[in-house]
Chemist: 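Here's a structure for you.
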Amino acid sequence: MGPTEGTARPGRFFGVYLLYCLNPRHRGRVYVGFTVNPARRVQQHNGGRRKGGAWRTSGRGPWEMVLVVHGFPSAVASLRFEWAWQHPHASRRLAHVGQRARGEASFAFHLRVLAHMLQVPPWARLPLTVRWLRADFRQDLCPPPPPHMPLAFGPPPPRGPRRGDVPSVDRESELGAEAHCAVCARTLQDEESPLCCPHPGCPLRAHVICLAEEFLQEEPGQLLPLEGQCPGCKNSLLWGDLIRLSQTGTKENEEDSELEEEHWTDLLEN
């Protein structure tokens, strides 16, 4: 899949970013972090610890956010990605990645680690987007990301609706009193959260397990679907997108912002 400007996808934003230090005294240093709001987060880093920045970046700015990987289905998934990117040689999934070579810049090393992370499970099967926020820093990843992971440029798409923006009765009216799973035809119970096709006009509603089994018919050896064809409108759907959209608005954004304020790794260095 070629470069794209990144059409907006509804849903909550979970990203893992790469900062680059522009301070002549520390130029070339990098920092990997998690965010739900890239613009706010880089301001916090440049504002120092009193403004919510991390200990390792405080007083060493200015910092520039040059790259962000987003599209994670949850904050937990993105935090695990962040930890592995920060500690590649402590992650069993990245044991094949060589140590930082003599003379290899930290920025180049982190891009090399990222390229390998996007090739291994579970991250290789997520609907991630690699987004360059600074085009002048862009470098080709080797190996390149999987075909279903687009390369994008510019600011991230607008954030999706928060809980309370759309009344819960809307979802109930969409499902109807006797909504049925499009795969098994059984009635969808009130306590169930069906997966819904995001394409306009598509009536698809399905149990999570039913749709997963439908998608996995093309990949019988896998436990987690990557993508599949919607039984309703026949459009291609990424599994990670469906899961993320089904969870939109289940928690307050304030809870997510607390996750990015101070990491336990920063506390260890203080």
Side-chain angles (χ1 to χ4, degrees), residues 3-6 8-9 11-72 74-87 105-111 113-115 117-118 128-139 141 145 149-160 162 252-270:
T4 177
E5 290 303 317
R9 292 175 177 173
R12 300 161 71 214
F13 185 94
F14 300 113
V16 180
Y17 59 86
L18 184 64
L19 290 184
Y20 186 91
C21 184
L22 299 179
N23 187 326
R25 295 181 56 190
H26 307 285
R27 190 176 182 87
R29 289 194 180 191
V30 299
Y31 177 87
V32 172
F34 157 80
T35 186
V36 297
N37 188 324
R40 180 188 66 194
R41 191 59 182 147
V42 72
Q43 291 178 353
Q44 290 175 326
H45 280 294
N46 285 319
R49 297 198 71 188
R50 292 185 178 181
K51 298 295 184 179
W55 183 85
R56 284 185 290 166
T57 60
S58 183
R60 295 179 173 89
W63 294 87
E64 187 77 17
M65 189 178 292
V66 299
L67 174 71
V68 62
V69 180
H70 60 92
F72 297 94
S74 67
V76 172
S78 53
L79 287 168
R80 288 175 175 171
F81 187 93
E82 176 209 31
W83 182 88
W85 197 2
Q86 290 175 338
H87 310 90
S106 181
F107 181 67
F109 171 68
H110 279 77
L111 291 184
V113 172
L114 173 63
M117 290 181 68
L118 299 178
L128 302 178
T129 294
V130 179
R131 180 176 296 275
W132 287 97
L133 304 176
R134 282 279 300 260
D136 53 329
F137 278 82
R138 180 203 168 183
Q139 296 183 21
L141 298 182
M149 295 185 187
L151 182 64
F153 302 93
R159 302 180 69 186
R162 296 177 56 175
E252 293 291 351
N253 289 336
E254 286 76 7
E255 296 177 3
D256 297 327
S257 64
E258 292 177 359
L259 294 173
E260 67 180 11
E261 294 296 336
E262 187 80 76
H263 285 204
W264 63 271
T265 51
D266 294 327
L267 298 176
L268 290 177
E269 299 185 33
N270 191 359

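These values consider heavy atoms only, across backbone and side chains, with no hydrogens, waters or symmetry-generated copies.
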Chemist: Applying the side chain to side chain contact (heavy atoms under 4.5 Å, CB included) criterion to Leu19, which one of Val66, Val30, Val42 satisfies it?
Modeler: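 Result for side chain to side chain contact (heavy atoms under 4.5 Å, CB included) with Leu19: Val42.
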Chemist: What are the two closest non-hydrogen atoms of Ala84 and Met117, and how far apart are they?
Modeler: CB-CE, 3.8 Å
Chemist: Hey, mind stepping through Phe81 and Phe34 against side-chain contact (heavy atoms from CB on, under 4.5 Å) and telling me if it holds?
Modeler: CA-CA 9 Å; Phe81 187 93; Phe34 157 80; over 6 Å; no
Chemist: Just verifying a value: how many Å separate Met149 CE and Leu118 CG, rounded to the nearest 0.5 Å?
Modeler: 5.0 Å
Chemist: Just how far is it from atom CH2 of Trp85 to atom CG of Leu114, taken to the nearest 0.5 Å?
Modeler: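 Those atoms lie 4.5 Å apart.
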Chemist: Within this structure, what is the CD-CG distance for the pair Glu64 and Asn46, rounded to the nearest 0.5 Å?
Modeler: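 Rounded to the nearest 0.5 Å, the CD-CG separation comes to 8.0 Å.
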Chemist: Indicate the ring-plane relationship of Tyr17 and Tyr31, choosing parallel, tilted or perpendicular according to the 30° and 60° boundaries.
Modeler: tilted
Chemist: Can you find a pair of side-chain heavy atoms, one from Leu22 and one from Trp63, that are under 4.5 Å apart?
Modeler: no
Chemist: Which atom pair, heavy atoms only, marks the closest approach of Gly15 to Val68?
Modeler: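 Gly15 and Val68 have their closest heavy atoms at CA-CG2, 4.1 Å.
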Chemist: State, without any angle test, whether Gln44 and Arg41 hold a side-chain donor-acceptor pair at a distance under 3.5 Å.
Modeler: yes
Chemist: With rounding to the nearest 0.5 angstrom, report the CZ to NE2 distance, Arg40 to His45.
Modeler: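 Output value for this atom pair is 11.0 Å.
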Chemist: Indicate the atoms forming the closest heavy-atom contact of Gln139 with Phe107, along with that distance.
Modeler: NE2-CE2, 3.4 Å
Chemist: Do Arg138 and Leu151 make a side-chain contact, defined as non-hydrogen atoms from C-beta onward lying under 4.5 Å apart?
Modeler: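 Counting from C-beta outward, Arg138 and Leu151 do come under 4.5 Å.
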Chemist: Locate the shortest heavy-atom distance separating Leu128 from Gly71; write the atom from each residue and the value.
Modeler: CD2-C, 3.8 Å
Chemist: To the nearest 0.5 Å, how far apart are OH in Tyr20 and CG in Leu67?
Modeler: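 Here the interatomic distance stands at 14.0 Å.
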Chemist: Test your reading of the model: is there a side-chain donor-acceptor pair from Gln86 to the backbone of Val32, 3.5 Å cut-off?
Modeler: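 Checked: pair present.
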Chemist: Locate the shortest heavy-atom distance separating Pro156 from Pro38; write the atom from each residue and the value.
Modeler: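 Looking at all heavy atoms of both residues, the closest pair is CG-CG, 3.8 Å.
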Chemist: Search all heavy atoms of Met65 against all heavy atoms of Leu133 and return the closest pair with its distance.
Modeler: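 Between these two residues, the closest heavy atoms are O-CB, 3.4 Å.
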